[in-house]
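Structure first, commentary second.
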2 protein chains.
Amino acid sequence: MNIKHNKEDVLKTGLGMFCNKGYNSLGIDEICKVTGMTKGAFYNAFQSKEQFLIEAILLYAKNNVNRIKAQLQPRKKLSAYERLYQFYINMLEVQPKVNFMGCFINNIMSELGSANEKVGLAATKAFDEFIDAIEPTVKEAQQNKELNSKWKARQMTELFHATFYGSLTRAKSSKDHQQSIKTIKLLFNNLKTTK
Amino acid sequence: MNIKHNKEDVLKTGLGMFCNKGYNSLGIDEICKVTGMTKGAFYNAFQSKEQFLIEAILLYAKNNVNRIKAQLQPRKKLSAYERLYQFYINMLEVQPKVNFMGCFINNIMSELGSANEKVGLAATKAFDEFIDAIEPTVKEAQQNKELNSKWKARQMTELFHATFYGSLTRAKSSKDHQQSIKTIKLLFNNLKTTK
DNA sequence: TTATTTGTACCGACCGTTCTGTTTGATTAT
DNA sequence: ATAATCAAACAGAACGGTCGGTACAAATAA
């Protein structure tokens, strides 16, 4: 294995670039320039650009599942509902600071999901892992009677995340994350149990 | 103006290609080949690929606003709520037949929304026009007391559409529109007034 | 005639990838 | 300990192809 360039570091940098530029408009030359790699080293470490992307998706999924679990973990005085709510609102509030890049998985799904089977599978798997990580907190909020229990926790999680992604994409284009926040707030208000 | 190739026809074809392949992976050569145009004619009619895309967005917006209004128009025995519901379900059900291409506006927002200001503006405008076209039916459903009136019709429309887009993108990648349909159904059930 | 539109060759830039050759560092033989 | 060997890692030029866009002459329309 290389000394100067371990795969994880390069993937991390490449992932950040994919997040900002998408797949097709980011070239390997650019990745090499930023990471200080040469093409020889790149193609020794990765078999293709497509495979590089897939490995970047896996890294993103791993990191974010951890982040999700950390942010949703029970903490001081916050109920399951409140943690969920803050989790989504926070991701929207941070958008102006990250140039409205949105969510990498959603971007990749949109750009390549239907055109490239391997990539589509990897992105779908990442999405499923996010749902897996969020679902327990939704269930907890239902057991708390904070969230409506009329529907399965998994389905409700799917609804939360789909709405989040949709409003995120809108914000990416309009550069108005306030609208997205309103949308998420409306959804939460709606699924809340009436006390 | 050209005889063989009026702009609207070429735009229509190019739009279809953009829907299937996105922006960056569709070349002008390919557009010319499919439409039977030559590059000379193309660049005589359109000033750039970017401008071509923007005109395609305008065409898509126009066509779809009309389609939306037609589909949501009062018809035999269908309440406002039912028309809305069928409108969204139908767009999801049709996805397998259109290779899970999703919604052009959503795809473009995701691919170029934050990177290209002009395109982002055009896509946002198209989105707004969709919301404008749907909102009256949401309001009507509220007045019917089919939909919860606790929130503004416009905000509810934003919620419907964001959820629709998010679940559409998921379907594009997973090729499972049934999940998306469940998500939309859950949302509708939730916003329905309890009788 | 004059103005516009079209066909085609072509431009430089860039694409992902492969190639050849070199360096490296550990392993093995002496 | 030193030398020989070897595979992996690396550098980076070069490849064939495609990109969006242009030049310009031929064709057509006014």
Side-chain angles (χ1 to χ4, degrees), chain A residues 1-57 107-108 111-113 115-120 122-123, chain B residues 1-57 107-108 111-113 115-120 122-123:
Chain A
M1 194 57 226
N2 189 358
I3 306 156
K4 285 187 285 183
H5 304 112
N6 71 64
K7 281 181 80 168
E8 186 113 348
D9 283 348
V10 175
L11 273 171
K12 191 177 161 187
T13 303
L15 171 56
M17 298 173 79
F18 277 139
C19 286
N20 280 311
K21 306 194 52 169
Y23 182 72
N24 282 306
S25 55
L26 175 63
I28 289 169
D29 284 333
E30 203 177 333
I31 298 171
C32 287
K33 208 174 71 183
V34 171
T35 58
M37 254 186 156
T38 61
K39 287 208 172 179
F42 183 91
Y43 273 94
N44 183 63
F46 305 98
Q47 54 172 279
S48 67
K49 187 189 178 188
E50 181 196 69
Q51 198 56 40
F52 182 77
L53 172 68
I54 288 175
E55 294 190 39
I57 292 174
N107 295 345
I108 288 300
E111 187 176 1
L112 299 170
N116 184 314
E117 195 173 350
K118 283 189 214 164
V119 173
Chain B
M1 194 58 230
N2 189 357
I3 306 157
K4 285 187 289 182
H5 306 113
N6 71 63
K7 279 182 80 167
E8 184 114 347
D9 283 348
V10 174
L11 273 171
K12 191 177 161 187
T13 303
L15 171 56
M17 299 174 78
F18 277 139
C19 286
N20 280 311
K21 305 194 51 168
Y23 182 73
N24 282 306
S25 53
L26 175 63
I28 290 169
D29 285 335
E30 201 177 335
I31 297 171
C32 289
K33 208 175 70 183
V34 170
T35 58
M37 246 185 162
T38 60
K39 274 203 170 182
F42 182 92
Y43 274 96
N44 184 59
F46 306 99
Q47 53 174 281
S48 66
K49 187 189 179 187
E50 181 196 69
Q51 198 56 40
F52 182 77
L53 172 68
I54 288 174
E55 293 190 39
I57 292 174
N107 295 345
I108 288 300
E111 186 176 1
L112 299 170
N116 185 313
E117 195 173 351
K118 281 189 214 164
V119 173

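This is a predicted model, so every value here is computed, not measured. Chain identifiers are assigned alphabetically (A, B, ...) following the order of the sequence lines, protein sequences preceding nucleic acid strands; residue numbering begins at 1 within each chain.
Checking A/N116, A/V119, A/I108 one by one against A/I54, the side chain to side chain contact (heavy atoms under 4.5 Å, CB included) holds for a single residue, A/V119.
Remark: P of D/dG17 and CG of A/N24 are 20 Å apart, rounded to the nearest angstrom. For the pair A/F46 CZ and D/dA9 C1', the computed distance is 13 Å after rounding to whole Å. In this structure, A/K7 places its NZ atom 14 Å from C1' of D/dA8, rounding to the nearest Å. Across the protein-nucleic acid pair, B/I28 atom CD1 and D/dT18 atom C1' stand 12 Å apart, rounded to whole Å.
The listed nucleotides are C/dT6, D/dA11, D/dG20; the one nearest the side chain of B/A41 is C/dT6. Closest contact between the side chain of B/K49 and the listed nucleotides C/dG16, C/dC15, D/dG20 involves D/dG20.
DNA chain C is contacted by both A/D29 and B/N44; B/N44 maps to the nucleotide lying nearer its 5′ end (nearest heavy atom per residue).
Note on A/K39: a base of the nucleic acid sits closer than 4.0 angstrom, heavy atoms only. Here A/G40 lies in heavy-atom contact (under 4.0 Å) with a base. Among the protein residues, A/L26 comes within range of the sugar-phosphate backbone only, with heavy atoms under 4.0 Å from sugar or phosphate atoms but none that close to a base.
The two residues B/N107 and B/C19 come nearest to each other via the heavy atoms ND2-O, 4.0 Å.
Residue A/L15 holds its CG atom at 12.0 Å from CD of A/E55, rounded to the nearest 0.5 Å. The structure places OG1 of A/T13 at 11.0 Å from CD of A/E8, a figure rounded to the nearest 0.5 Å.
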